[in-house]
2 protein chains.
Amino acid sequence: MKYKLGAFLRAIRTERSLTIKEVAQKAGVSSSLLSQIERNRISPSLDTLLQILEVYGVGPDKFFKTYETSSTVDIIKKDDREMIHRKGFKYEKLSGRSQTRGNHSFNAFFLELEPGAKRGDPTKGHLGRELGIVVNGQADLIYGDENYTLTEGDSVSFFSEIPHTLINTGKTHFQAYWVVTPADGEDFFGDKSS
Amino acid sequence: MKYKLGAFLRAIRTERSLTIKEVAQKAGVSSSLLSQIERNRISPSLDTLLQILEVYGVGPDKFFKTYETSSTVDIIKKDDREMIHRKGFKYEKLSGRSQTRGNHSFNAFFLELEPGAKRGDPTKGHLGRELGIVVNGQADLIYGDENYTLTEGDSVSFFSEIPHTLINTGKTHFQAYWVVTPADGEDFFGDKSS
DNA sequence: CTCTAATATTCAGTATAGTTAAATTTAAAT
DNA sequence: ATTTAAATTTAACTATACTGAATATTAGAG
């Protein structure tokens with residue numbers, strides 16, 4: 001059993017307050033079968049799955065698209081992280097592709113700034129919010145007219161509409177986990193030419 | 001066997017000049033199984049289908065969407081035709097929903113004009129082409145500055161960019177089959193208030 | 001045209017989906 | 001708290017997907 005759609009199918013059903021019995025009857029299959037499918041005990045034949053989706057009035061194209069968008073668990077091993085190097089800073093992406101799409105999307109990464117390096121735009125904010133968790137070092141977050149010093153162990157979150165910049169004011173590398181939502185709120189990785 | 005995707009799956013494979021053996025091996029299933037699936041002998045389990053689609057690098061959402069767009073056979077029984085009445089003329093739609101979408105879409109219908117009735121727009125053309133096959137009666141097709149008389153048995157096809165109007169110049173009902181492509185080239189059924 | 005190799009299909013046995021009925025769980029009423 | 005009915009799950013049997021080998025078909029070479 002490679003593909004486990006059961007929970008997603010159950011979510012559709014419960015969302016509509018339908019019982020296994022009702023759906024199974026309309027789909028022309030047994031209650032037992034629908035239970036087994038929802039519990040990932042079996043991989044249904046295509047005919048069976050499509051009959052069930054017909055009851056829900058959801059086409060298979062939309063079903064799979066929504067499933068991919070909302071149900072995929074992306075695991076990125078440390079060695080497999082996408083690394084992005086820019087002058088003075090480095091990112092390791094933590095979030096998979098599926099989280100960068102659709103509603104409530106986000107980007108997450110491990111950020112590293114050399115001493116003196118800066119990131120961000122002092123003139124423009126962007127849609128959404130950010131979260132930072134400091135692992136090592138020290139940096140100043142310049143948020144509009146305010147200046148906040150971040151040190152190891154700090155976590156910071158803020159609305160991104162106000163222009164903001166991060167500057168490593170310490171003598172060592174600044175390292176933090178960083179999350180931006182929604183995913184397309186900012187071109188966080190900057191221009192490749194920079 | 002309610003859903004017959006076999007031919008569509010085979011089209012993908014042959015389009016890429018792959019053999020059943022190659023695809024089956026990569027998908028981790030037997031050649032025999034892929035043959036049976038393509039020939040609609042069985043309804044594959046979901047796992048199996050998705051494994052095959054992985055080999056083709058096609059996500060299931062796109063697969064089903066393309067299948068619906070390009071492979072659906074819509075059969076509309078005469079009694080089930082959608083009837084559209086307008087002043088002086090009547091349409092019976094012949095084409096199903098799937099043909100009105102995507103590339104190369106079209107609308108088809110059985111058109112009936114009362115004596116003296118007219119259809120079309122003498123001032124505006126629209127994108128695409130039309131085909132008419134006259135079953136009964138007589139009408140004039142005014143195409144730009146030209147006037148063509150259509151009688152029973154005639155078939156006529158033309159680019160629709162030139163403004164065109166159809167007028168029943170006979171004493172009896174004018175009946176013809178009519179095809180417009182693409183489907184959204186013209187609001188062929190006119191305003192409901194007319 | 002024949003021949004051969006590659007490819008696809010079919011057949012019969014194995015594995016698993018699908019069914020029915022029994023068992024278990026859950027929700028609601030008292 | 002207990003009881004009951006509804007809902008779900010599981011077990012054992014039936015139906016069909018899936019396999020590997022045999023057979024049939026196709027394509028290409030000479």
Side-chain angles (χ1 to χ4, degrees), chain A residues 1-64 66-68 70-71, chain B residues 1-64 66-68 70-73:
Chain A
M1 176 70 70
K2 192 174 178 184
Y3 296 89
K4 304 192 176 181
L5 305 176
F8 187 61
L9 273 169
R10 177 160 288 194
I12 298 176
R13 179 172 63 81
T14 52
E15 204 170 84
R16 298 155 187 243
S17 304
L18 297 171
T19 63
I20 280 185
K21 184 176 171 184
E22 292 174 311
V23 176
Q25 274 181 345
K26 288 179 182 173
V29 300
S30 67
S31 309
S32 165
L33 180 56
L34 185 53
S35 174
Q36 288 179 84
I37 291 167
E38 288 189 357
R39 298 174 61 78
N40 291 321
R41 296 291 188 273
I42 59 164
S43 171
S45 73
L46 185 59
D47 261 19
T48 298
L49 176 67
L50 295 181
Q51 279 165 185
I52 292 165
L53 292 181
E54 265 186 40
V55 173
Y56 296 139
V58 177
D61 59 318
K62 186 174 174 188
F63 173 77
F64 282 108
T66 311
Y67 170 70
E68 284 166 6
S70 55
S71 308
Chain B
M1 179 68 71
K2 192 172 176 186
Y3 297 89
K4 304 193 174 180
L5 305 176
F8 187 63
L9 273 169
R10 177 160 289 194
I12 297 176
R13 182 173 61 81
T14 53
E15 201 168 87
R16 298 156 188 242
S17 304
L18 297 171
T19 65
I20 280 184
K21 185 176 171 184
E22 291 172 313
V23 176
Q25 273 181 347
K26 287 179 181 171
V29 301
S30 66
S31 309
S32 164
L33 180 56
L34 185 54
S35 175
Q36 288 178 83
I37 291 167
E38 288 188 356
R39 298 174 61 78
N40 292 319
R41 295 292 188 272
I42 60 166
S43 172
S45 73
L46 186 59
D47 262 19
T48 299
L49 176 67
L50 295 180
Q51 279 164 186
I52 292 166
L53 292 181
E54 266 185 42
V55 172
Y56 295 141
V58 178
D61 59 320
K62 185 175 175 186
F63 172 77
F64 282 108
T66 311
Y67 170 70
E68 284 166 3
S70 55
S71 307
T72 307
V73 176

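First the proteins, then the strands, lettered A, B, ... as listed; each starts at 1. This is a predicted model, so every value here is computed, not measured.
Per the geometry, CD belonging to Gln36(B) stands 9 Å off P belonging to dT10(C), to the nearest Å. Across the protein-nucleic acid pair, Lys21(B) atom NZ and dA24(D) atom C1' stand 17 Å apart, rounded to whole Å. Per the geometry, CD belonging to Glu22(B) stands 11 Å off C1' belonging to dT7(C), to the nearest Å. Atom pair Gln51(A):CD and dT19(C):P shows a separation of 9 Å (rounding to whole Å applied). Look at CD1 on Ile37(B): it is 17 Å from P on dT16(D), rounded to the nearest Å. Rounded to an integer number of Å, the gap from CG of Asp47(B) to P of dT16(D) is 20 Å. Following rounding to the nearest Å, Asn40(B) (CG) and dA17(D) (P) show an atom-to-atom distance of 11 Å. Atoms CZ (Arg39(B)) and P (dT9(C)) sit 5 Å apart, rounded to a whole Å.
Relative to the side chain of Ile20(A), the nucleotides dT7(C), dT8(D), dT19(C) differ in distance, and dT8(D) lies closest. With dC18(D), dT9(C), dT9(D) as the candidates, the nucleotide lying closest to the side chain of Ser31(B) is dT9(C). Nearest to the side-chain atoms of Val29(A) among the listed nucleotides dT19(C), dC18(D), dT8(D) stands dT19(C). Nearest nucleotide to the Ser43(A) side chain, out of dT19(C), dA8(C), dA17(C): dA17(C). Across dG18(C), dA8(C), dA17(D), the shortest atom-to-atom separation from the side chain of Ile42(B) is found for dA17(D).
Taking the six-membered ring where the residue is Trp, Phe8(A) and Phe63(A) present tilted rings, their angle falling between 30° and 60°.
In this structure the side chain of Leu9(A) reaches within 4.5 angstrom of the side chain of Leu53(A), judged on heavy atoms. No side-chain heavy atom of Lys26(A) sits less than 4.5 Å from a side-chain heavy atom of Glu54(A). Tyr67(A) has its side chain out of reach of Asp61(B): every pair of non-hydrogen atoms, C-beta onward, lies at least 4.5 Å apart.
In terms of position along DNA chain C, the nucleotide closest to Leu33(B) lies nearer the 5' end than the nucleotide closest to the other residue of the pair Leu33(B) and Ser45(A).
Between the base of dG18(C) and the side chain of Ser32(A) there is no donor-acceptor pair shorter than 3.5 Å.
Contact check, Arg41(B) against dT16(D): no side-chain N or O comes under 4.0 Å of OP1 or OP2. Of the side-chain N and O atoms in Arg10(A), one or more sit less than 4.0 angstrom from OP1 or OP2 of dT9(D). For the pair Thr48(A) and dG18(C), the criterion of a side-chain N or O lying under 4.0 Å from OP1 or OP2 is met.
Residue Ser31(A) is tested with Glu22(A), Gln25(A), Lys21(A), Gln36(A) for a side chain to side chain contact (heavy atoms under 4.5 Å, CB included); the sole match is Lys21(A).
Ser30(A) comes within 4.0 angstrom of a base, heavy atoms only.
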